[in-house]
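Here the structure comes first, spelled out in structure tokens, and everything after it is commentary.
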2 protein chains.
Amino acid sequence: MVENAVQGDAEGTPPEGRAPRPDLAEMVMPLLRTLMAAEQPVLDAHGLTMWAYAVLLHLDETPIRTQAALAEAIRADKTRIIAVLDDLENRGLIRRRPDPKDRRARLLSLTTEGLRLRDSVQSAIQQGEEQRLLSQLPDEDRETFLRSLRTLSALAEQEASGTARDTARRPGRA
Amino acid sequence: MVENAVQGDAEGTPPEGRAPRPDLAEMVMPLLRTLMAAEQPVLDAHGLTMWAYAVLLHLDETPIRTQAALAEAIRADKTRIIAVLDDLENRGLIRRRPDPKDRRARLLSLTTEGLRLRDSVQSAIQQGEEQRLLSQLPDEDRETFLRSLRTLSALAEQEASGTARDTARRPGRA
DNA sequence: TATTGTTATACTCTATAACTATA
DNA sequence: TATAGTTATAGAGTATAACAATA
């Protein structure tokens with residue numbers, strides 16, 4: 001039975017025999033691994049963990065009023081980011097002060113220095129991404145790829161936050 | 001709380017303030033998380049772990065002569081896949097027999113049943129991917145996206161295997 | 001002696017549960 | 001009493017190191 005006539009996909013013969021394409025996760029996983037491996041030295045050079053960088057990124061985007069909200073936003077456990085916030089605060093990269101209106105909550109914000117650090121780290125990281133990976137794509141493909149990735153990522157976050165909300169939801173009345 | 005003014009994703013205003021685009025990892029990470037979350041129920045339904053599925057996928061692609069090679073191919077520790085192989089073998093999904101030419105090594109191959117299972121699982125997974133995510137992309141973007149992802153994934157694997165080889169290499173003479 | 005596979009151990013990462021303070 | 005944050009503990013996942021068989 002010759003059930004897999006190779007379909008002339010891009011240009012060469014596809015490495016695997018059966019499915020017309022690999023699973024998305026099968027392609028995305030090694031990509032992420034390499035991306036993170038490439039980030040690591042940059043982060044190390046600035047004394048940042050991956051979680052710390054995630055915090056800097058997200059605080060820059062949207063100022064946040066509780067640590068729990070920040071944790072959920074970056075998909076971390078609320079107990080996990082505490083040490084991270086301690087460190088960032090001690091190094092003057094973020095501010096963390098009790099909300100006057102509800103002193104249980106902590107108002108979180110970036111300091112100027114934190115924002116500057118975030119800038120230079122992100123710049124270095126994105127430069128590496130361009131040089132190592134994106135530059136290998138034809139220009140018109142690159143644009144489309146980035147736009148599509150952005151769309152899919154947003155969709156993915158939607159689904160994730162949806163299920164997260166479902167999990168967190170207690171049986172309230174209607 | 002008015003924290004989520006819907007962002008005009010496609011071409012509207014970018015959600016974050018500084019960089020023209022998010023880091024790749026920042027986009028790829030949630031995508032992978034959602035992909036894996038979507039795979040999980042399918043795998044569960046067939047009694048497969050993620051690693052077991054990876055093994056089935058890779059054995060289908062390229063028959064392999066040692067467990068160590070298989071482990072490296074799917075980026076797992078060689079000690080980790082042993083339990084996985086035990087299970088797959090006991091269930092008759094793979095064959096594992098000593099190489100007559102070197103009885104230290106184990107020849108690994110898919111059984112017919114293993115191949116059939118791999119097929120139906122992969123089919124279900126890819127169907128889910130299409131419905132949940134890929135269908136949201138315009139047709140012409142989708143093709144380009146998949147082709148680009150494939151390219152970048154291959155590049156990433158190259159880099160990874162390169163550094164892996166460096167790590168494994170001992171200082172030889174000359 | 002070197003290599004393949006295996007088992008046993010230790011370590012890292014992550015989540016769960018218990019505690020303090022504010023409300 | 002309920003919630004935000006914190007601390008302490010336990011669990012899952014992973015890698016490291018020692019071992020047996022074969023070369």
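Chain A is the first sequence line, chain B the second, and so forth, proteins listed ahead of strands; every chain is numbered from 1.
- Following rounding to the nearest Å, A:Leu70 (CG) and D:dA4 (C1') show an atom-to-atom distance of 13 Å.
- Between B:Leu70 and B:Arg65 the shortest side-chain heavy-atom distance does not fall below 4.5 Å.
- Counting only residues at least two apart or on different chains, the salt bridge (charged side-chain N to carboxylate O under 4.0 Å, His left out) pairs with a member in residues 104-116 of chain B are B:Asp102-B:Arg104.
- DNA chain C lies under 4.0 Å from at least one heavy atom of each of the following residues of residues 91-103 of chain A: A:Asp102, A:Arg103.
- Between A:Trp51 and the phosphate of C:dT14, there is a side-chain N or O to OP1/OP2 separation shorter than 4.0 Å.
- Rounded to an integer number of Å, the gap from A:Ile81 CD1 to D:dT6 C1' is 12 Å.
- Atom CG of A:Leu85 is separated from atom P of D:dA4 by 15 Å (rounded to the nearest Å).
- Between A:Asp77 and B:Ala69, the residue anchored closer to the 5' end of DNA chain C is B:Ala69, taking for each the nucleotide with the nearest heavy atom.
- Using a 4.5 Å cut-off on side-chain heavy atoms (C-beta onward), A:Val42 and A:Tyr53 make no contact.
- Between atom CG of residue A:Asp141 and atom OG of residue A:Ser148 there is a gap of 10.0 Å, rounded to the nearest 0.5 Å.
- Put simply, CD1 on A:Ile82 is 15 Å from P on C:dT14, counting in whole angstrom units.
- On a pure distance criterion of 3.5 Å, a polar donor-acceptor pair joins the side chain of A:Arg104 and the base of D:dT3.
- Atom pair A:Leu108:CG and D:dG5:C1' shows a separation of 11 Å (rounding to whole Å applied).
- Here the straight-line distance linking atom CH2 of B:Trp51 with atom CG of B:Leu43 works out to 13.0 Å at 0.5 Å rounding.
- Between A:Arg106 and D:dA4 there is no side-chain polar atom (N or O) within less than 4.0 angstrom of OP1 or OP2.
- Per the geometry, CZ belonging to B:Arg65 stands 15 Å off C1' belonging to C:dG5, to the nearest Å.
- Considering CZ of A:Arg21 and CD of B:Glu129, their distance stands at 4.5 Å, rounded to 0.5 Å.
- Remark: C1' of D:dT16 and CZ of B:Arg80 are 13 Å apart, rounded to the nearest angstrom.
- When all heavy atoms are compared, the tightest approach of B:Arg118 to B:Leu56 is CD-O, 3.5 Å.
- A:Lys78 has its NZ atom 13 Å from the P atom of D:dT7, to the nearest Å.
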